[in-house]
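When a residue number appears, it is its place in the shown sequence, counting from 1. Worth knowing before you read on, the calculation uses all heavy atoms, side chains too, and leaves out hydrogens, waters and symmetry mates. A quick note: this is a predicted structure, and the numbers were derived from the prediction, not measured.
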Amino acid sequence: QVQLVESGGGLVQAGGSLRLSCAASGRTFSRYTMGWFRQVPGTDRDIVAVISSSGASTRYADSVKDRFAISRDNAKNTVYLQMNSLKPDDTAIYYCAASLQNFLYTHYRNYDYWGQGTQVTVSS
């Protein structure tokens with residue numbers, strides 16, 4: 001089992017940047033595929049980015065390609081989401097999630113463990 005804690009959210013103006021972090025407990029972090037999702041109230045959680053257990057492979061939602069970057073440091077049990085050129089449409093609660101499945105799934109149902117979420121608000 002793994003516990004996830006996100007940090008780094010906040011209020012930023014359009015065009016600005018934020019870096020989210022997700023710290024994981026446990027000694028098996030390097031076995032998990034990790035994902036970042038976001039959710040606006042009243043809608044499903046949508047994929048933002050996914051990274052393989054080794055960090056060698058990534059996948060992004062079309063809406064964030066070329067603006068966001070996912071990375072991980074297995075020695076620090078942490079996954080990151082660097083968000084640049086933020087837009088008001090990026091406003092949401094951002095969640096990190098862990099999956100033991102060795103595939104870059106983009107649907108939230110394939111993820112087993114979730115953090116509590118961190119709010120990102122982008123003002124125009």
Side-chain angles (χ1 to χ4, degrees):
Q1 189 170 354
V2 63
Q3 293 182 324
L4 306 172
V5 179
E6 302 98 335
S7 61
L11 173 64
V12 64
Q13 288 188 331
S17 298
L18 282 174
R19 188 194 196 200
L20 304 184
S21 298
C22 174
S25 66
R27 294 174 288 182
T28 59
F29 175 74
S30 62
R31 298 181 186 177
Y32 290 90
T33 297
M34 298 298 297
W36 283 99
F37 290 78
R38 64 187 182 187
Q39 187 172 26
V40 174
T43 67
D44 283 341
R45 290 184 186 184
D46 290 330
I47 188 64
V48 176
V50 185
I51 189 166
S52 63
S53 57
S54 68
S57 300
T58 58
R59 190 172 179 182
Y60 294 90
D62 289 342
S63 59
V64 307
K65 279 180 183 177
D66 301 324
R67 298 189 299 123
F68 291 11
I70 188 170
S71 62
R72 66 191 295 163
D73 185 338
N74 285 343
K76 295 183 178 179
N77 282 12
T78 303
V79 61
Y80 305 97
L81 184 68
Q82 178 67 43
M83 305 187 295
N84 300 324
S85 303
L86 282 161
K87 305 175 182 180
D89 284 349
D90 295 318
T91 296
I93 300 173
Y94 283 70
Y95 298 89
C96 74
S99 172
L100 275 171
Q101 300 183 75
N102 189 25
F103 191 78
L104 298 180
Y105 285 112
T106 58
H107 198 284
Y108 67 86
R109 291 175 182 165
N110 291 295
Y111 289 77
D112 308 295
Y113 304 104
W114 293 85
Q116 83 288 351
T118 185
Q119 176 71 48
V120 171
T121 303
V122 184
S123 64
S124 57

Next item on the list: Spell out, as yes or no, whether a donor-acceptor pair under 3.5 Å connects the side chain of E6 to the backbone of L20.
Entry: no
Next item on the list: Flag the pair L4 / Y95 as yes when at least one side-chain heavy-atom distance between them is below 4.5 Å, and no otherwise.
Entry: no
Note to self: For V40 versus T91, what's the shortest heavy-atom pair and its separation?
What the structure shows: CG2-O, 3.6 Å
Note to self: So for atom CD, which belongs to Q101, do other residues, nucleotides or ligands contribute more than 12 heavy atoms lying within a distance under 6.0 Å?
What the structure shows: yes
Check: Donor-acceptor pair, Y80 side chain versus D73 backbone, under 3.5 Å?
Finding: no
Checklist line | Separation between OH of Y32 and CG of N77, rounded to the nearest 0.5 Å | finding: 10.5 Å
Notebook entry, point to check: Transitively linked via ILVMFWY side-chain contacts under 4.5 Å: Y105 with Y113?
Noted result: no
Note to self: Treating Q13 as the side-chain partner and S123 as the backbone partner, does any N or O pair qualify as donor plus acceptor under 3.5 Å?
What the structure shows: no
Check: What is the minimum heavy-atom distance between S53 and N102, and which atoms define it?
Finding: OG-OD1, 4.4 Å
Notebook entry, point to check: Can the positive tip of R72 be found less than 6.0 Å from the middle of the six-membered ring of F29, inside 45° of the ring normal?
Noted result: yes
Check: Does the distance from a Lys or Arg side-chain N to an Asp or Glu carboxylate O, for D62 and K65, drop under 4.0 Å?
Finding: yes
Next item on the list: Locate the shortest heavy-atom distance separating A56 from S52; write the atom from each residue and the value.
Entry: N-OG, 3.2 Å
Margin query: Tell me the closest heavy-atom pair linking D112 and L100, and the distance in Å.
Written below: OD2-N, 3.3 Å
Notebook entry, point to check: Distance from T33 atom OG1 to R59 atom CZ, nearest 0.5 Å?
Noted result: 12.0 Å
Margin query: I'd like to know whether Y111 forms a ring pair (Phe, Tyr, Trp, His ring centres under 6.0 Å) with F37, so could you lay out the CA-CA distance, the side-chain angles of the two residues, the decisive distance to 0.1 Å, and finally the verdict.
Written below: CA-CA 11 Å; Y111 289 77; F37 290 78; 5.1 Å; yes
Check: Can you name the nearest heavy-atom pair linking L18 to V120, along with the distance?
Finding: CD1-CG1, 3.9 Å
Margin query: Going by side-chain contact (heavy atoms from CB on, under 4.5 Å), Y60 matches just one of I70, D66, T106, I47. Which one?
Written below: I70
Notebook entry, point to check: Atom CE in M34, atom CG in L81: separation rounded to 0.5 Å?
Noted result: 11.5 Å
Checklist line | Non-hydrogen atoms of S85 and R67 that approach each other most closely | finding: O-NH1, 2.9 Å
Next item on the list: Answer with yes or no whether the hydrophobic clustering places V79 together with W114; edges join I, L, V, M, F, W, Y residues whose side-chain heavy atoms lie under 4.5 Å apart.
Entry: no
Notebook entry, point to check: To the nearest 0.5 Å, how far apart are CG in N74 and OG1 in T28?
Noted result: 10.5 Å
Check: Is the Y94 ring parallel, tilted or perpendicular to the F68 ring (thresholds 30°, 60°)?
Finding: tilted
Next item on the list: Check whether V48 and V50 end up in the same hydrophobic cluster, where Ile, Leu, Val, Met, Phe, Trp and Tyr are linked by side-chain heavy atoms less than 4.5 Å apart.
Entry: no
Note to self: Are R38 and S63 packed together at the side-chain level, in the sense that at least one heavy-atom pair is separated by less than 4.5 angstrom?
What the structure shows: yes
